[in-house]
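Just so it is clear, the model here is predicted, and its values are computed rather than measured. Any value given below was found using the heavy atoms of this structure, including those in side chains, with hydrogens, waters and symmetry copies removed.
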Amino acid sequence: MPKTITKLIKKTCSPRLVLLALPAVLLLIALLIAVQGSSHFAEAGAIPFFGYQIVNVYPHSSIAFTQGLVYDEGVLYEGTGLYGRSSLRRVDLETGRILEETRLESTLFGEGVAIWRDRIIQLTWQSGLGLVYGKENMTRIGSFSYQTEGWGITTDNKSLIMSDGTDILHILDPESFVEKGQILVRANGTPLKGLNELEYINGHIYANVWPTNWIVIISPESGEVKGKINLQGILQKNDIQGSKVDVLNGIAYDAREDRLFVTGKLWPKLFEIKLVPERSWDE
């Protein structure tokens with residue numbers, strides 16, 4: 001029980017008054033517990049968390065339901081979703097202009113994308129179907145199947161790492177697409193569900209947590225969450241101008257220039273940010 005609540009009870013004049021106040025006290029305790037556990041992080045712990053500093057702002061298509069995002073050789077590769085509107089795009093970062101686009105069949109809901117050597121890998125949501133494209137011309141050259149839903153995908157230059165909306169990340173062989181391992185993601189020992197778009201950055205896996213404004217930083221060795229990034233407020237109301245937007249989703253990294261990009265589904269802007277350490281969750 002919180003110390004402030006204990007002190008409140010001790011100051012009560014009589015046992016009868018304690019009984020009368022008990023329902024209110026219990027309600028207050030419940031509210032405190034709800035606030036502490038209202039995020040996807042069920043228990044407090046010494047996990048560092050970060051704010052952000054906006055470095056640059058770029059235009060982004062407000063009709064792109066962003067499901068996957070990768071930066072490579074000066075351009076963005078973006079996978080978009082929704083039935084009848086899903087696509088794979090090559091996009092100019094500076095202008096947001098679509099340089100090349102391949103549309104998916106109307107029966108497929110596009111999801112995350114990753115680049116493996118001279119190929120682009122794209123997941124679909126509930127079809128159990130992964131799509132393989134030639135990177136040079138974005139022509140589909142193959143496919144593969146999986147037993148889970150498809151959400152996000154990235155690579156650590158050895159394997160493909162795939163999310164399915166649960167607390168499990170699946171490690172796939174990048175040539176055969178056979179699953180060869182799993183990462184069970186935990187925040188202070190508690191399973192962290194809702195893992196969505198992924199990006200491998202400097203030895204860690206960055207993951208959007210659906211449907212929140214949080215990105216978590218995951219150790220691929222232990223599955224433990226090593227950091228949390230709060231992007232609340234990055235898209236302002238005046239950025240939207242009455243348009244409909246969806247949740248934060250989309251992480252891309254420029255390793256050469258050490259630039260981190262984030263955006264969201266139907267967002268009109270894409271942001272380059274730097275992380276700003278704030279404090280540990282338990283401070």
Subject >> Short N-O contact, Glu105 and Arg140, less than 4.0 angstrom >> reply: yes
Subject >> Any donor-acceptor N or O pair under 3.5 Å, side chains Gln232, Asn213 >> reply: yes
Original post:
In terms of side-chain geometry, is the basic nitrogen of Asp239 or Lys269 positioned less than 4.0 Å from the acidic oxygen of its partner?
Top reply: yes
Original post:
Below 4.0 angstrom, N of the basic side chain to O of the carboxylate: do Arg119 and Glu175 qualify?
Top reply: yes
Original post:
With no hydrogens and no angle check, do the side chains of Gln67 and Thr80 hold a donor and an acceptor under 3.5 Å apart?
Top reply: no
Original post:
Which residues pass the side-chain contact (heavy atoms from CB on, under 4.5 Å) test with Thr95, sequence neighbours left out?
Top reply: Asp92, Arg97
Original post:
Salt bridge between Glu224 and Arg186, side-chain N to carboxylate O under 4.0 Å?
Top reply: no
Subject >> Test side-chain contact (heavy atoms from CB on, under 4.5 Å) applied to Leu88 - qualifying residues, sequence neighbours left out >> reply: Val113, Ile120, Gln122, Tyr133, Met138
**OP:** May I ask you to check whether Tyr71 and Tyr253 place their ring centres under 6.0 Å from each other?
**Re:** no
Original post:
Any idea how Tyr83 and Trp125 line up, ring-wise: parallel (<30°), tilted (30 to 60°), or perpendicular (>60°)?
Top reply: tilted
Original post:
Is the closest side-chain donor-acceptor distance between Ser163 and His170 under 3.5 Å?
Top reply: no
Subject >> Parallel, tilted or perpendicular: ring planes of Trp267 versus Phe271, cut at 30 and 60 degrees >> reply: perpendicular
